[in-house]
Structures are given as C-alpha cells and as structure tokens.
Protein chains: 2
Amino acid sequence: MQSVPDARTDERLPIYQRLKDALAERIQDGAWKPGDAIPAESDLAAEFGVALGTMRKAIEGLVVQGLLERRQGRGTFVRRADLGNTLFRFFRHTGKGGRPLAPTQRLVARRTGPAGRAAAAALGLAPEDPVLWLKRLRLVDDEPLVIDEIALPLPRFEKLATVPAADFDELLYPLYERVLGVTIARATDRIAFARATAAVARPLAIATGDPVVVIERTAFGHDGEPLEWRRSHGPAERFSYDVEIR
Amino acid sequence: MQSVPDARTDERLPIYQRLKDALAERIQDGAWKPGDAIPAESDLAAEFGVALGTMRKAIEGLVVQGLLERRQGRGTFVRRADLGNTLFRFFRHTGKGGRPLAPTQRLVARRTGPAGRAAAAALGLAPEDPVLWLKRLRLVDDEPLVIDEIALPLPRFEKLATVPAADFDELLYPLYERVLGVTIARATDRIAFARATAAVARPLAIATGDPVVVIERTAFGHDGEPLEWRRSHGPAERFSYDVEIR
DNA sequence: CAGTGGTCTAGACCACTCT
DNA sequence: GAGTGGTCTAGACCACTGA
C-alpha cells in the first residue's frame, strides 16, 4: 500500500507550502500558543535549512490566513482569533445620547441532551449523540437583544457542565480557552429571517410571530474540526450588517 | 507652498508601494483595460528600473486587491470585477427538482429626478441634484424576487436615459462598461430588515407590511468615486446569507 | 520552442522596538 | 546597541502555456 503523502514532506509541493504546514502544525499542537512569539525568521530559516526569503514567504502566508501576526521590530506572534462579537457585528448599537453601551450576558439554562438534527449535522455527530446545551441571553443596556442556543460536543466540553454559572459572564471563546485549552480559529455564520416562536419571543420580550433574525454559527479549531454550533435569535428591526465586496 | 507628495513619487514610501500606485493608475486611466494582459514582469521591472522581485511584490499586492489576475504561463491580466449577483448572494436559490434557475430582469421605470437624502449622501451629491432613477424587477422562474431602485449621478450616466429598454435585460455593470466605459470596482452592501410598503409589496406580489430585507448598495470605481447607489427589497423568508469569519 | 509566471537563493541595508 | 521584521537586489532554475 502506498503511503499517503504528508503535507509536510510531499516533495511535489513548493518548499514554502511545506513550511507553512510545518509551522501551522506547531500552532495546532500547542507547541506555540496564542500570544506567544515564534522564533526569529532567521532562526527558523536556519532550522529548516532554507533561505530567509522562502521562510518569509511561508510566514507571510500564515499571516494572511490569520494564524500569525507580525509586529515590526518585536517579532512574529501566534494570533489570538478575534471573532468579534455577534452583538456588535450584526445589530445596531443604539448608543443613545453617546452613553457607553453596557452589554451583559446571562446563562439561562445548561443541560446535557441529544444534539438533534441541525447541531449534529454541523458538528459531525449523530442526532442522538449527547451534547452540552447552553442557553444564553445577551442584553444591551438591560434590554434583551439576542438569545443563543449553543451546542458543545461531549466529552470534550464536559468540564463546562460544572463550571460555576457566574463564569459565563465573560465571552465564551476565551472561556473555552481558559477552562479547556480549546482554541476557536474560524467560524461560519448563516443569516436568515423567521417568525419568533414562543420559546424565542419570551426571553426577548417580543410577541410570538414577530420577525426575528436567525444566525446559525459553526465554529472550528485550527485543525478544521467543528467545535461549537449555535443558533442565535434577535429582533429583526434591530438587525443591520455591512458587507464589503471585492 | 509645499507641493503635495504624489503617491508615485513620495520617497518615504517603499518602492513596491509606488509601483503599485503607478500600475493602478494605468488601469484607472484605461491605458490597460479589463481583460488586457499587462507587459511581462521582467519587462515592467526593466521599464521601472527595479529588481524583478520588487516588481513581483507590487503586482502581488494588486492581485490581492483584486485589480490584477495572474495566469501561470500566460501572463498577468487586468481583472474584470465580478461583484456577483445580488440574487444569488443573498437569496435562496430554490432549484426545485434540480431544474436550472431562470433568472430574468425587467426595467419597470426610468426617470430623471432629485437624488433625495439617502442616494445623495452615498453619491456625494446634494439631495436636489438630479439623478437617473431606474426601477428594476428581478425574477427567478418567473417569480418576482427582488425589486431595485437605482440612482445614477447625472451627467455621467446621461446616455443610459436613451438606451433602449431591452438592453436592460443584461446585468447592469457590464452595461455601464459597454455603454459608458464606466467600470465598477468595489461595492458596499448594508443589509437590514423592514416591513413592505405598498410600492414594494405590489411588484413583489406580497402583502403590505410583510417582512422584507432591504439591501442598500453603494458601488465605487477604481478611483474610489461613488458611481451608483441602489436600494433592493426582497421577501425576508427567501433571504439567506453566509459569512465566513477570519 | 520561446515566453510567461512560480519558486528559491544569498546576500545587503533599513526601520522599528526594547533595554 | 542588539535583535527583530521590512525592503531590495541580482541572479538561477522550474512549470506551464501557446504557436
């Protein structure tokens, strides 16, 4: 049987490609952690036995991919993915009278249960596989704006089932990293509109049947593995999103 | 009085930056037109008196910006911006039974009138400045899906006022290029939600007050000048949009 | 086959950051 | 001042395309 060519050693690939894969692997493996500085370009070039320019091209590629971040005169660092905040990405920030916004969040429910069809498809599980379900309400200036249902594959996220509810005050992705060492690198959102069900309308303090935005997100790790699925609902009138094309 | 440093000659900028600006200018000026091949990298390097690698870096930048397109072994070409199709970018393509979709479009109205507040702000005009207004209905499988109101600054788009209505069968950006030599390079969309007014509901064959998506687009030329503003409405239930983050 | 972009090298000097 | 990334050069060879 023919051995499958490894991305790092497949000689048909350009050197800089193989370097990219080798460096990316160090990040995935956690040898280099988010926030860390990686060795100097010249050191890396020497270590891999390539010209400086070739190593630069490899690093440049990872910078474009958002894995690394260069800081002139200081070094090259493993980037901490900033996937923004659904609240501010997708909703109008009605900063009335220039007052600073006060976004807060509250864990409404936490339970273990079957993934169901949508979450299972996104996470690569069977619908009956158990996941940790979180329900979270996000408010701005004490006004409910978004309700999230979040599915996290078990056993990987088991520890989150016992973390004190108060810890869910913070953003979730940093929490995953702190508690579980799980890093979210990338996510896909799908935006659509629907009518509010009773379960969604109540926490949002709107009427059943009112128009809502539905944002379904799948979040992935550096290795491309799906780690989290969530479905968020918010009042449609508050929704606003900007897209830049080309 | 100090002369303002030209992007192409400001010596504080890296050479490759100045090269980028010089090449971009040739595209803006129409010296190199969309679809054209530009001279070989080696020729350009010689012409500008720089090393090949430096010219490559400049070209690479324009490729990333979407101005140029490389084709291995053939040459480097001026890219024809493909701003996609609002229909397929933002709405579910319900290809029932695998039948190919039949998207069509119809010019519903064409008139000259004041820009009004929204269009004027986007186009950098005064609200009372005259623009050419187009109203266009877009259908898929003979079912109305999107109604567009399009504002085009006037004197520049004057010729479009007399072009036969049948020509509006095609996509607008290629039409602008063919009839006026105007190239759209970039656009910004803002997506929001509203209730259908009577004017919007009638052509879409929905009820007044039904939920609709509103997509406001400003389109720009290579020089960053706003060239077109449009507001599109479509039924909210048919809307679907995917966003990839980082 | 000639001409194009794609990869790679080995060196030089500059600009920035920190101590 | 030492160490980092940023720019630039001048050359070599490879891989692909089209006539």
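Residue numbers begin at 1 in each chain, while the letters A, B, ... track the order of the sequences.
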Quiz item: Think B:Arg70 forms a cation-pi with B:Phe77, using NZ or CZ under 6.0 Å from the six-ring centre and within 45 degrees of its axis?
Solution: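 Verdict for B:Phe77: no cation-pi partner in B:Arg70.
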Practice problem: Establish, for the pair A:Arg238 and A:Phe91, whether the NZ or CZ atom is under 6.0 angstrom from the six-membered ring centre and no further than 45 degrees off its axis. | Solution: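 Cation-pi check for A:Arg238 and A:Phe91: fails.
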Quiz item: Going by distance alone, is a donor N or O of one side chain under 3.5 Å from an acceptor N or O of the other, for B:Glu60 and B:Tyr16?
Solution: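 Per modelled atom types, B:Glu60 and B:Tyr16 side chains form no pair under 3.5 Å.
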Quiz item: Between the main-chain N or O of A:Thr54 and the side-chain N or O of A:Lys57, is there a donor-acceptor pair closer than 3.5 Å?
Solution: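 Here the side-chain-to-backbone pair does not exist.
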Quiz item: Under 4.0 angstrom, heavy atoms only, what part of the nucleic acid is B:Ile59 near: base, sugar-phosphate, or nothing?
Solution: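 Counting heavy atoms under 4.0 Å across all strands, no contact is made by B:Ile59.
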Quiz item: By a strict heavy-atom criterion of less than 4.0 Å, which residues belonging to residues 63-76 of chain B are in contact with DNA chain D?
Solution: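 DNA chain D contact set from residues 63-76 of chain B: B:Gln72, B:Gly73, B:Arg74.
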Exercise. Output the residues of residues 39-55 of chain B in contact with DNA chain D, where contact means a heavy atom of the residue under 4.0 Å from an atom of the strand; sort by number or write none.
Key: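 When residues 39-55 of chain B is checked for heavy atoms under 4.0 Å from DNA chain D, the hits, listed by number, are B:Val50, B:Ala51, B:Thr54.
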Quiz item: Do A:Phe48 and A:Met55 touch side chain to side chain, with heavy atoms closer than 4.5 Å?
Solution: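 Sidechains of A:Met55 and A:Phe48: in contact.
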Exercise. Start with the C-alpha gap between B:Arg231 and B:Glu216, add the side-chain angles, then the distance that decides, and say whether salt bridge (charged side-chain N to carboxylate O under 4.0 Å, His left out) holds.
Key: CA-CA 4 Å; B:Arg231 175 148 47 197; B:Glu216 291 182 347; 2.8 Å; yes
If you take all heavy atoms of [X] and [Y], which pair is closest and at what distance?
{"X": "B:Ala24", "Y": "B:Leu67", "value": "CB-CD2, 3.9 Å"}
{"X": "A:Phe239", "Y": "A:Ile191", "value": "CZ-CG2, 3.8 Å"}
{"X": "A:Val78", "Y": "A:Leu68", "value": "CA-CD2, 3.9 Å"}

Exercise. Look at atom CG of A:Asp29 and say whether more than 12 heavy atoms of other residues, nucleotides or ligands are closer to it than 6.0 Å.
Key: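 Above 12, so yes.
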Self-check item: Segment of DNA chain D, first to last nucleotide, that comes within the 4.0 Å heavy-atom reach of chain A
Solution: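 Endpoints of the contacted stretch of DNA chain D: D:dG3 to D:dT7.
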